[in-house]
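This report refers to the structure that appears directly beneath it.
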Amino acid sequence: MSEFLNGNFKVKRPVKPAAETKDSEKKSFKDEYRRKAINSVGGSMVFVEMDQLMWDGDAPAEEKK
Amino acid sequence: MTVRTDPFSALVDKIGGIGFELHRETLIRNARRNAPLALRSVKQAPLADEKKRRAVIVVSAGPSVRRARTIERLLEARFSGTVVAADGAYPACLRAGLIPDYVVTLDPHNTRVVRWFGDPRFEEHAANDDYFDRQDLDVAARENVVRRNREDLALIDAHAKKTKAIVASSAPETVVERIVQAGFETYWWHPLVDDPTQPGSLTRALHGIQPLPCLATGGTVGTAAWMFALQILRPRLLAVAGMDLGYYPDLPVEKSQTYYELLELAGSAERVKDYYVSLTFPLTGETFMTDPTYYWYRKNFLHLAKRAPMRTLNCTEAGTLFGENIDCVSLDDFLRRAEKENHG
């Protein structure tokens, strides 16, 4: 090919070979699927264990006396 | 109880934290959107007369409801106490001819919850989501689901006014729109999702948007419905049904709700078994399978039940819910006790 195409400038940044880009894309797709899988497992609600069953705001100062 | 080691336990331990980061903004956003509509607090929900309130049964949507004919048996026994339905059980109640006194909704998912109230945009929502489909691959069943939704819309429009909707501020736009359209009277609450005394509490932030009572939910609407009954209705006798939190042993594991997600994590069909455990239900001696999600719901329910001011009768007759302050009894046993309460 080099007998047909001749570059007339040098690029400043080196170009990564195609194979390396595909591998890193595969890895990030896999991570993304894994992340989505973990996120789906917990359902769509939030709950952190605590001792209260119900809370209706802080009691006013007078009531605490 | 046989618990397999790490993959299962490690994932159960992660679930709470994942949910917190993932859904925090949704809860805040929904609470803000719902604030102008949330005019009545759950504490203002009309209570039935004292006799009807003595015995309360909370009906969730586990597979036992169909297999054990829970709703039909409540009707056959002419149960005269109070019925609280988790949203997923509501249409099944109506189809069988049982009108719950209350229906509780919590989950903020914008397309998966509205179907329990009849979904005016069912085909649009179902087209991009295989969550329910994957459990029913038959095309005919899919067509049945479309027809069933149409029937549910009509049923719910006809009967909504007879059931009070107990709506969490986390409810999504689709559910709230449908509930208002159907004509439900609504009573509102916040999910109690973390310790409100701690800095950065999400519960405190929700309460700051609107001062509504906050009820612990255990991460799932069935537990929230039980908490509503416990804290607001305060019966003498409290039962839950359809609270399987697991799968019957004859269900192929591929049909469990998070099978494909777990397969992704496990990497193979062989290793996915590491993400399931089996528990023996004490009332029947049968073994039920559960996955990390349901095990987490179970763990949360047990944590709350331990702190509850009264015992809970688990009339599911199946599943994995048993532990401190919970009595596993048959539904018939509960109905007999409820009858005694009524005449006492």
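Residue numbering restarts at 1 for every chain, and letters A, B, ... go by the order of the sequence lines.
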Under 4.5 Å from any heavy atom of chain A - which part of B:L212: backbone

Heavy-atom pair count under 4.5 Å with chain A, highest-scoring of B:P108, B:G208, B:G218, B:A216: B:G218

Heavy-atom closest contact (A:L53 atom, B:P309 atom, distance): CD1-CD, 4.2 Å

Check: A:W55 ring centre within less than 6.0 Å of B:H207 ring centre: yes

Choice from B:K14, B:Q231, B:H190, B:Q198 maximising heavy atom contacts with chain A below 4.5 Å: B:Q231

Interchain contact, B:L27 with chain A, by part (heavy-atom threshold 4.5 Å): side chain

Steps toward side-chain contact (heavy atoms from CB on, under 4.5 Å) verdict (A:D58, B:R204): CA-CA 10 Å; A:D58 299 317; B:R204 182 173 285 276; 2.9 Å; yes

B:S170 versus chain A, the contacting section by heavy-atom distance below 4.5 Å: side chain

Residue part contacting chain A, namely of B:L206, when any heavy atom lies under 4.5 Å: neither

Under 4.5 Å from a heavy atom of chain A, the part of B:K306 involved: neither

Enclosure of B:R311 CZ (heavy-atom neighbours >12, cutoff 6.0 Å): yes

Pick from B:E264, B:K299, B:M227 with the largest number of heavy-atom pairs that fall under 4.5 Å of chain A: B:E264

Greatest number of heavy atom pairs closer than 4.5 Å to chain A - which of B:Y297, B:W189, B:W296: B:W296

Under 4.5 Å from any heavy atom of chain A - which part of B:P213: both

Closest non-hydrogen atom pair between B:L192 and A:Q52, with its separation: CD2-O, 3.6 Å

Heavy-atom check, side chain of A:M54 versus side chain of B:L230, under 4.5 Å: no

Atom group of B:H303 that falls short of 4.5 Å from chain A, counting heavy atoms: side chain

